[in-house]
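Report on one structure; see the data block that follows.
Only a predicted model underlies this, so the values are computations on that prediction, with no experimental measurement involved.
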Amino acid sequence: MSVDGVATHAHPSAPGFPAGRRPGPWHPSRQERQEALAALAFLLPGLIWFLLWTAYPLLKSFWMSFFHWQILGGSTFAGLAHYARAFADPVIRTALENTLLYAVLSVPGQILFGFLVAALLDSITKGKVFFRVLYYIPVISSWVVVSLIFMYLFHSEGLMNYVLVDLTHFLPRHVPWLSQRGTALLVIALLGTWKGIGWSMLLFLAALQGIPSEVVEAASTDGAGGWQIATRVKLPLLRPMLMFQVVMLTIGAFQAFIQFYIMTGGGPMNQTQVFLTYMYKQAFDFYDFGYASAISFLLAAVILAISVVQMRFFRQDYEY
Amino acid sequence: MQSFGKGFVCPQLAKTVALGATALLLLAFFMAPAAAAAKVTLTFWHTYNTQSPEEKVLLEEVIPAFEKEHPDIRIQAQGIPYPDFHQKLITSVAGGIVPDVVRMDIIWTPEFARMGALVQVDRLPGFEAIAKGAFPGPLATCAWQGHYYGVPLDTNTQVILYNKKLFREAGIQEPPKTFAEFAEVARKLTKKDASGKTVQWGFALPGPWAWYFLPWVWSNGGAITDAKITRATGYLNGPRTVEALDFLINLYKEGVLAPTIAQSGLDSWTGLGQGKYAMTQDGPWAFPSLKAQYPNLEIGSFLFPAGAGGKSRSVVGGENLVIFKGSKHPKEAWEFARFMLSMKAQMEMATTGQMPVLKAAIQEPYMQNHPYYGIYLEQLKTALPRTPHPAWAKMEDTMQQAFQAAVAGKVSVKAAMDSAAEEIDGLLR
Amino acid sequence: MATAASPMAQVRKQGLSRAALARRVGSLAIYALLSVGALGMMMPFLYSFSTSLKRNVFAFEFPPQLIPLHPTLQNYVEAWTSNNFQLYFWNSLIVATLTMLLSLVVASTQAYAFARLRFPGKNAVFMLYLITMMIPSTVMILPQFVLARTFGLLNSLPALVVVYVAGGIPFQTFMLRGFFESLPRELEESAYIDGANRFVIFSRIALPLAKPALGTLAIFSFLGAWDEFTWALTVINDVGKRTLPIAIRLFQGQHATQWGLVFAASMIAIVPVMVVFVAFQKYFVRGIAAGAVKG
């Protein structure tokens with residue numbers, strides 16, 4: 001995987017303080033050995049913690065995905081049966097579609113509105129903090145709470161239907177938002193967008209403020225107008241940030257769980273299942289842990305593939 | 001925050017913070033087991049809602065009474081949200097750390113018994129007496145392959161509830177006794193305003209779940225499987241079952257059944273309380289809650305109507321008390337279970353809408369004069385249990401998916417049930 | 001106004017005020033846009049706050065009232081005094097605070113090593129971190145549960161802290177590493193040449209400079225722990241050790257949800273995160289930017 005685009009590329013000036021390490025097998029000098037030891041001391045607490053509580057459970061559940069896992073012992077080897085089953089399972093296809101749709105519906109909106117708000121905030125001086133906090137509140141609210149709030153707003157007898165039907169007559173009759181596939185996905189994507197705008201705004205705001213004022217001034221003395229400065233000077237500089245957001249938000253969208261779990265539970269008729277709600281159902285309704293694990297790792301593979309494609313795409317775009 | 005930001009700068013403080021955090025962690029860690037030392041503590045899991053009357057009586061009356069009788073046993077009761085209960089039980093069994101006693105839905109008992117997670121109780125002292133004193137129906141839900149893995153704790157079923165005022169307004173004197181009469185009454189109770197919008201529905205099936213549609217299937221003479229639970233084909237997609245489900249769905253399409261059948265609209269309680277739904281169906285727990293929220297609502301009740309091919313039938317619900325095999329104190333746990341089956345505890349819980357399972361309890365004046373238990377006891381005489389099979393969760397899921405597809409008009413009831421029956425056949429094999 | 005001024009001056013003055021006017025209108029429009037947007041963002045909260053002040057029978061009144069006709073604090077009283085809610089609140093506070101502090105320690109040391117020191121296997125470990133960010137944490141619940149049992153941590157608040165900190169390590173290390181790399185290294189280099197050891201350099205020089213990123217991390221880790229639902233539900237049995245999200249879920253009934261109660265509890269739950277966010281938000285913008293994407 002190429003992660004260079006994000007933040008991992010090596011510093012041009014050598015890491016550590018002395019000169020960069022030469023390629024090839026490691027024949028450490030005394031100094032290098034000392035540095036590695038120091039690194040170990042820095043790393044060890046977190047690394048052990050991570051290996052124990054994240055890496056090991058992951059490997060274990062990967063292992064489980066190859067078994068007909070019985071929770072009180074007596075598991076039998078399943079080979080690739082769970083993976084084969086997933087490919088043939090129509091609900092997995094629905095889940096893939098829904099997850100993709102959720103990503104496509106919610107990610108661009110977050111970024112677009114986030115950018116707009118950031119641009120507006122960047123141009124004012126008074127009340128910046130105030131607005132920043134207001135726009136950020138949805139981000140810091142828990143998924144459980146905001147899912148319940150949206151469930152209530154989009155209840156078939158709730159506020160949204162009142163406004164759209166009874167008040168404005170925009171729609172002919174009350175819509176059962178959360179009990180049919182299309183509208184349920186729409187509402188949950190709206191929730192995702194609403195909750196994520198603040199995050200995107202903050203990142204763009206930070207990036208905008210990070211643009212050196214000399215660059216803007218130089219363009220301005222060259223006779224560039226406000227619009228040109230925004231599109232020709234600032235936007236290209238925001239590219240890495242844009243890419244970071246697209247990648248992170250897509251990963252987030254693919255891992256959507258609580259909002260679906262609470263608002264539709266994957267129903268009706270499994271039509272609003274996403275990967276994780278379906279996995280959860282297999283694991284804890286039917287205690288089919290082997291299949292549930294296989295679903296998770298398929299999801300991870302999908303996320304990995306999409307992230308790689310996105311990074312490739314942006315990097316090419318970036319180096320034109 | 002300011003102080004935190006600055007504090008972290010200076011290494012001494014950073015160290016202090018780290019040390020403090022570790023110390024706190026260790027403290028919390030060691031305090032955990034210390035709290036539960038001295039006597040035997042039993043953990044008891046249930047699904048009563050926080051702030052519900054059931055939970056209050058349990059915590060304030062029943063458990064203190066038990067602890068008084070058994071000063072060496074302490075009961076730690078833990079309410080767990082019903083929708084998350086199954087997940088939690090499964091994880092606990094898998095992790096090998098289980099509660100001692102659990103009040104679980106009767107339908108889960110075979111599942112956990114087959115898993116090997118429950119203590120077999122039929123040889124324990126006092127079981128005979130309990131078995132003799134309890135109603136056979138609820139007792140049967142504790143059985144798995146010829147042995148008992150729990151004792152019934154409470155029982156219930158559903159009946160039709162209606163708004164008396166709306167019945168008077170529509171001039172309905174007699175509760176409907178057949179499907180045809182029911183349809184007629186429900187139509188009479190459906191009202192539209194001038195613009196054609198429905199403002200009152202005749203009946204609300206609370207949701208597209210098996211728990212709600214099974215009484216209709218059975219009252220029409222339908223079934224899920226054969227008596228030996230070997231196949232669903234010919235039963236779940238049999239003419240009687242399909243006819244019953246068609247009956248509901250056609251009324252819904254006609255606009256007589258509230259949108260609750262499609263998981264939309266006001267929930268059945270709110271709809272009944274606000275006078276939007278003239279009838280619905282529910283268990284005895286609906287009465288106290290509805291009364292509390294809608295003091296002016298006059299609730300009436302009657303038995304499920306019978307279809308052409310059957311007689312009035314409802315579904316048996318309720319909970320069993322089971323002891324988990326991982327319990328360190330199975331003896332004390334059994335003591336607690338016996339206590340919960342005593343007349344005293346049963347009658348205490350009866351005041352909160354939990355119907356007792358003891359035959360003797362029914363003779364108590366409290367039960368005889370009770371405002372709404374009578375109708376439930378009547379309905380229980382013909383009520384049927386859901387299929388006692390370890391694969392019930394999947395069977396139920398399959399049936400519900402099929403029913404929902406038919407409600408949505410995607411497929412005919414017959415076609416939906418055909419494929420559901422085929423799938424369930426696979427589970428039963 | 002025009003008494004003493006020449007025609008020329010008058011024209012200039014008018015032109016100026018026109019430009020000023022345009023600027024003012026422009027900025028007014030910006031504020032108007034921002035306000036409308038902010039109102040839209042706040043609407044869901046405002047309406048549920050309003051519901052939290054209504055008796056449950058009015059949760060679906062017709063027409064809906066934004067300002068309750070018969071406001072009552074009953075839901076707040078009931079939520080706050082319902083058994084153990086206050087305890088859940090403190091449990092959440094303890095867990096979130098501990099998670100935050102430990103995450104700061106663990107992630108900053110990790111990130112520093114990745115940013116500044118050379119050691120074999122560096123890229124491999126970092127890649128491992130990145131990849132785990134893509135795997136949903138729900139899949140780990142069962143193994144983690146068994147692990148927690150092995151360590152005797154079941155049913156305890158430390159079990160929550162341990163897993164929350166572990167879950168945050170990859171992203172936080174990733175973010176902080178970016179921030180450390182964006183810092184000028186000259187100071188550290190000269191300190192190193194002067195013979196200071198690396199821990200001193202880290203704690204005296206690098207950490208103070210990383211304050212914005214640490215503030216950001218503090219917010220993220222606090223929020224994550226405060227809101228987490230699934231793991232807490234799984235590992236905690238004792239009523240006395242529950243955290244807030246579970247308490248809120250308990251108010252969402254099996255038969256009918258008491259919306260007023262749910263939202264009163266939710267509003268109470270939002271207060272601490274607001275406090276933490278407002279307190280740290282000054283650092284937030286800088287920290288998040290440099291850490292997330294270095295330039």
Side-chain angles (χ1 to χ4, degrees), chain A residues 45 49 60-61 64 69-75 90-91 94 144 151-152 154-158 161 165-166 169 172-184 258 261-273 277-292, chain B residues 18 22 83-96 98 108 111-112 114-117 195-198 207-209 258-267 270-271 274 276 325-326 390-398 400-411 416 427:
Chain A
W49 203 318
K60 175 90 191 218
S61 65
M64 281 162 69
W69 195 263
Q70 299 294 317
I71 62 176
L72 285 181
S75 306
V91 183
T94 314
V144 174
M151 250 177 110
Y152 178 59
F154 285 91
H155 190 282
S156 66
E157 304 298 313
N161 271 338
V165 180
D166 302 293
H169 301 287
R173 70 186 72 83
H174 283 194
V175 182
W177 295 103
L178 293 171
S179 16
Q180 46 190 33
R181 184 182 182 189
T183 50
I258 295 182
Y261 178 68
I262 289 186
M263 291 172 78
T264 68
M269 294 165 276
N270 285 328
Q271 283 187 342
T272 60
Q273 296 284 9
T277 50
Y278 192 54
M279 171 239 158
Y280 196 82
K281 182 173 175 165
Q282 292 299 334
F284 296 114
D285 285 353
F286 307 148
Y287 49 101
D288 195 344
F289 285 102
Y291 190 39
Chain B
T22 322
D84 309 315
F85 197 47
H86 197 253
Q87 186 264 67
K88 224 174 138 54
L89 281 174
I90 295 272
T91 322
S92 303
V93 171
V98 289
W108 293 339
E111 180 186 324
F112 283 92
R114 181 175 78 160
M115 225 180 264
S195 66
K197 210 180 108 185
T198 309
W209 317 119
T260 43
I261 192 175
Q263 296 185 64
S264 176
L266 291 177
D267 63 85
T270 311
Q274 293 192 353
K276 296 232 169 80
K325 257 191 190 154
W392 170 255
K394 261 193 170 153
M395 290 170 65
E396 185 184 38
D397 189 59
T398 310
Q400 289 172 173
Q401 308 280 359
F403 182 65
Q404 288 166 20
V407 169
K410 293 203 164 41
V411 282
L427 296 173

- prompt: If you measure from CD on A:E157 to OG on B:S264, what distance do you get to the nearest 0.5 Å?
  reply: 7.0 Å
- prompt: Which bit of B:K88 is near chain A, if near means a heavy-atom gap under 4.5 Å: side chain, backbone, both or neither?
  reply: neither
field: Interatomic distance, A:Y287 atom OH to B:F112 atom CZ [nearest 0.5 angstrom]
entry: 7.5 Å
task: Please examine the side chains of A:Q271 and B:K410, heavy atoms only from C-beta on, and report whether any two atoms are closer than 4.5 Å.
output: yes
- request: With the side chain counted from C-beta on, respond yes when A:R173 and B:T198 share a heavy-atom pair under 4.5 Å apart, and no when they do not.
  value: no
query: Can you name the closest pair of heavy atoms from B:H86 and A:D285 and give their distance?
result: CE1-O, 3.2 Å
query: Contact part of A:F154 toward chain B, heavy-atom cut-off under 4.5 Å: side chain, backbone, both or neither?
result: neither
message: Less than 4.5 Å to any heavy atom of chain B: does that hold for the side chain of A:Q180, its backbone, both, or neither?
response: neither
From A:Q70 atom CD to B:M115 atom CE, the distance as rounded to the nearest 0.5 Å: 9.0 Å
query: What is the distance from atom NZ of B:K394 to atom CG of A:D288, rounded to the nearest 0.5 Å?
result: 5.5 Å
message: Measuring only between side-chain heavy atoms, which start at C-beta, is B:Q263 closer than 4.5 Å to A:P268?
response: yes
field: Part of B:A262 lying under 4.5 Å from any heavy atom of chain A
entry: backbone
query: Contact part of B:A408 toward chain A, heavy-atom cut-off under 4.5 Å: side chain, backbone, both or neither?
result: side chain
task: Begin with the C-alpha distance, continue with both residues' side-chain angles, and end with the deciding distance and a verdict on side chain to side chain contact (heavy atoms under 4.5 Å, CB included) for B:D397 and A:F286.
output: CA-CA 10 Å; B:D397 189 59; A:F286 307 148; 3.7 Å; yes
Atom pair OG/CG of A:S156 and B:D267 - distance to nearest 0.5 Å: 9.5 Å
